[in-house]
Amino acid sequence: MKLYLSKIESLLQTLVEGSVFNLFAPKNPVIDLGDQLVLAFKSSTRIKTEENNIAPDLYTIIAHPSYLYKLQTQKDWQDIVLERLISEAKKHHCSFIGPLKIQCEADSTLSPQKIEIVAQISIDKITSTTDMDIDFLENERCIPQNAFFIVNGNQTFPLTRSVVNIGRRPDNDLVIDDPRISRLHAQLRVVKEQYKIFDLDSTGGTSVNGQKIHQCVLSPGDVVSLAGVPLVYGQEPNNLGTTDQMISGSPAIS
């Protein structure tokens, strides 16, 4: 009888422990990670003016190797959490100084259920806070005039912002609806009065004039290839014709 009760007690304990674990364990680890990245985003964002805040562009996820392995098995997990960060940035009128990037570091001393996130503004590594403020303001004032992309050889997209996100996802500035394009594929940013393109660890890669690049300053006439989709960069002395212009946020280019 005692042996029977002992087995029942052991079974009940197992069920209770399992219920508690399921209650507190995140139902979706990617959503839980997104929530934690947003917290890191908010705590590390620097307020510059009421309308322009500088947000961290580099996020390091430090976790046990088993957690990182499970994370990698989640389809499009990086795109999902990057989308959360971009949404938060728009909500709080934030700008990213560099291309938005997430990297992982394994730490076997951490509990498999615990993760740590380090949010950084990458430009902090090479300049002081004061210099960063000046560079940010200069970027806003020194956008190349009358710059544009010719997409797929027949559509013109005017470049009028200091930061232009390019990809398949509909909330990008330049949306290219092509399966070869990653959801967040590349970013165009004004650096020293010139547009510089950054590949955002895309699946298909980014090339300029036939050479695969991670980042590259663009000159008029350069041919950018996003996983095979061609974009020609140009600048005109006069305004573009209104019939050729595309408005940012317009329907996707297919």
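All heavy atoms count here, side chains included; hydrogens, waters and symmetry mates do not. Keep in mind that what you see is a predicted model, and the values were worked out from it rather than measured.
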Chemist: Could you work out, with side chain to side chain contact (heavy atoms under 4.5 Å, CB included) as the rule, every residue matching Pro220, not counting sequence neighbours?
Modeler: Tyr233, Gln235

Chemist: Taking the hydrophobic residues Ile, Leu, Val, Met, Phe, Trp and Tyr, and joining any pair whose side-chain heavy atoms are under 4.5 Å apart, which ones share a cluster with Tyr69?
Modeler: none

Chemist: According to the salt bridge (Lys or Arg N to Asp or Glu O under 4.0 Å) rule, which pairs have a member within residues 89-111, sequence neighbours left out?
Modeler: Glu88-Lys91

Chemist: Enumerate the side-chain hydrogen bond (donor to acceptor under 3.5 Å, both in side chains) contacts for residues 216-232, please, sequence neighbours excluded, ordered by first and then second residue.
Modeler: Asn209-Asp222

Chemist: Do Tyr67 and Ile80 land in one hydrophobic cluster if side-chain heavy atoms of ILVMFWY residues count as linked below 4.5 Å?
Modeler: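 Per the 4.5 Å side-chain linkage, Tyr67 and Ile80 are co-clustered.
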
Chemist: Among all residues two or more places apart in sequence or in another chain, which pass the side chain to side chain contact (heavy atoms under 4.5 Å, CB included) test with Thr206?
Modeler: His185, Ala186, Ile197, Asp199, Ser202, Ile213, Val224, Leu226

Chemist: Checking Pro65 now: which residues fulfil side chain to side chain contact (heavy atoms under 4.5 Å, CB included) with it, not counting sequence neighbours?
Modeler: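 Here the qualifying residues are Ala106, Ser108.
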
Chemist: Listed by chain and number, what are the side chain to side chain contact (heavy atoms under 4.5 Å, CB included) partners of Gln72, not counting sequence neighbours?
Modeler: Trp77, Cys104

Chemist: Test: salt bridge (Lys or Arg N to Asp or Glu O under 4.0 Å). Region: residues 34-43. Which pairs qualify, not counting sequence neighbours?
Modeler: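 Applying salt bridge (Lys or Arg N to Asp or Glu O under 4.0 Å) to every pair that reaches into residues 34-43, excluding sequence neighbours, yields Asp35-Arg84.
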
Chemist: Would you list the pairs meeting salt bridge (Lys or Arg N to Asp or Glu O under 4.0 Å) in which at least one residue belongs to residues 69-83, sequence neighbours left out?
Modeler: Glu83-Arg183

Chemist: Under the salt bridge (charged side-chain N to carboxylate O under 4.0 Å, His left out) rule, collect the residues that match up with Lys114, sequence neighbours excluded.
Modeler: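 Scan of Lys114 (salt bridge (charged side-chain N to carboxylate O under 4.0 Å, His left out), adjacent residues dropped) gives Glu116.
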
Chemist: To the nearest 0.5 Å, tell me how far Ile54 CD1 sits from Ser95 OG.
Modeler: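 With rounding to 0.5 Å, CD1 (Ile54) is 5.5 Å from OG (Ser95).
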
Chemist: To which residues is Val217 joined in a hydrophobic cluster, defined by side-chain heavy-atom contacts under 4.5 Å among Ile, Leu, Val, Met, Phe, Trp and Tyr, whether direct or through other members?
Modeler: none

Chemist: Side-chain heavy atoms under 4.5 Å apart, restricted to Ile/Leu/Val/Met/Phe/Trp/Tyr: what other residues fall into the cluster of Leu110, or is it alone?
Modeler: Ile62, Val118

Chemist: What distance separates Leu174 CG from Leu159 CG, expressed to the nearest 0.5 Å?
Modeler: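 That separation rounds to 8.0 Å.
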
